K.L.:
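My structure is below; once you've seen it, I'll send some questions.
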Amino acid sequence: MVILDDTGKIKEIDRSGMLRTVEEFPRQCRDAVSLGEEVKLSEDLKKVSSLAVLGMGGSGIGGDLLKTIVESESKLSVSVVKGYDLPRHIDSDTLVFAVSYSGETEETLSVFAQAIDRRAKIIAITSGGSLQEQAARNGFSTIKVPTGYQPRAALGFLFLPMLIVLSRLGLISSQEAAVSEALGLLAALSSRFSSKQPVSENSAKQLAGELLGKFPVIYGSDGLTAPAALRWKCQLDENSKVQAFWNVFPELNHNEIVGWELLKELTRNFVLVFLRDKKEHPRIAKRMEITRELISGHVGAIHQVWCEGKSRLAKILSVLYQGDFVSVYLALLNGADPTPVDRIRLLKERLAGNW
Ligand code: PA5
């Protein structure tokens, strides 16, 4: 654990500076809001009856966040498309965000092409590549995000502009208060969890220590922290290079809870993290309490991480952001550089030219 307070050692392992990028996330979010405010939008983008986000992995998670926020306040449904085929219901009445950090992700380009054929209204979000070229050729509005990030580390750029654009188009309510609360809260959390805060005063470093040598399992709740739980899982996979799992209350009470019954010697290697909110549905709170009582002897430990803030945006981003810190600290404890994702790179290389 002492290594997490050793700046020299951290720099040695974290060669591309992922920790600094995570610490600077609040500033990225501020810049991302400006991107959403500045992009040119035509009137016809307002005439839609549904929304869709096309994107994989680090570029797709913003769609999950958007869905959770938009569907709680608007009648518009949000489809998050993570695959090669565009659902039939996406058509000329749909506003589609095509999101790919690299602009070269084949699944996203495949559904993007189908969305063009269906005459959907499209906004591209990318740092370049084929997506940028094709969007320009078709005259689509494009939110050009800065290069030089790992896609997952550019979440602010890939997510927040969508929220701002929807609000500018009048498709959702003004997000001004929520965004301002979220930005302030993220800045406070950045200081609280930064590398400068020693282990003794830094709950993100402490939780990383609890997860070391274990399989993390992140449980969120439907309609609020579910996308944050998925983000925790993906960040633990990609940054910390460990297998992690996620699920959602109340659904997991109808199946997964039984899986913590046999193989006790093995399941003790799993450490659970419940993502909580003080205002979560009272039955969810009750379910979490009972679940804890039923399974605590069968897993390594159960920890809780709480949302902060008032708006849904602030709550979700606050609990998600804690996971980003934990994943980087766990990488450092594992002696692993959080930035490279060799398996993803190799897989894409092998796929390319292999049609
Ligand atoms: O985190 C990652 O690197 C991946 O999950 C990518 O985001 C994913 O492969 C899609 O690539 P892109 O974000 O460039 O569309």
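We count ligands from 1, going down the list as the structure has it; atoms in each ligand are counted the same way. For clarity, every value in this text was computed on a predicted model and none was experimentally measured.
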K.L.:
List the steps, then state whether salt bridge (charged side-chain N to carboxylate O under 4.0 Å, His left out) holds for Glu238 with Arg343.
P.N.:
CA-CA 10 Å; Glu238 294 184 63; Arg343 290 268 160 84; over 6 Å; no
K.L.:
Tell me which one of Lys279, Lys278, Arg192 satisfies salt bridge (Lys or Arg N to Asp or Glu O under 4.0 Å) with Glu308.
P.N.:
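Only one of Lys279, Lys278, Arg192 forms a salt bridge (Lys or Arg N to Asp or Glu O under 4.0 Å) with Glu308, namely Arg192.
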K.L.:
So if I only count non-hydrogen atoms and take anything under 4.0 Å from ligand 1, which residues does that give, chain by chain?
P.N.:
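Those residues closer than 4.0 Å to ligand 1 by some heavy atom are Met56, Gly57, Gly58, Ser59, Ser100, Tyr101, Ser102, Thr105, Pro151, Arg152, Glu238, Lys348.
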K.L.:
Can you say whether the rings of Phe245 and Phe215 are parallel (under 30°), tilted (30 to 60°) or perpendicular (over 60°)?
P.N.:
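Because their plane-to-plane angle is over 60°, the rings of Phe245 and Phe215 count as perpendicular.
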K.L.:
Using 4.0 Å as the upper bound for N to carboxylate O, is an ion pair formed by Lys82 and Asp64?
P.N.:
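Salt bridge present between Asp64 and Lys82.
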K.L.:
Parallel, tilted or perpendicular, judged at 30° and 60°: which one describes the rings of Phe274 and Phe249?
P.N.:
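Answer is perpendicular, since the angle exceeds 60°.
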K.L.:
Under 6.0 Å between the ring centres of Tyr321 and Phe193?
P.N.:
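No, they do not, as the ring centres are separated by 6.0 Å or more.
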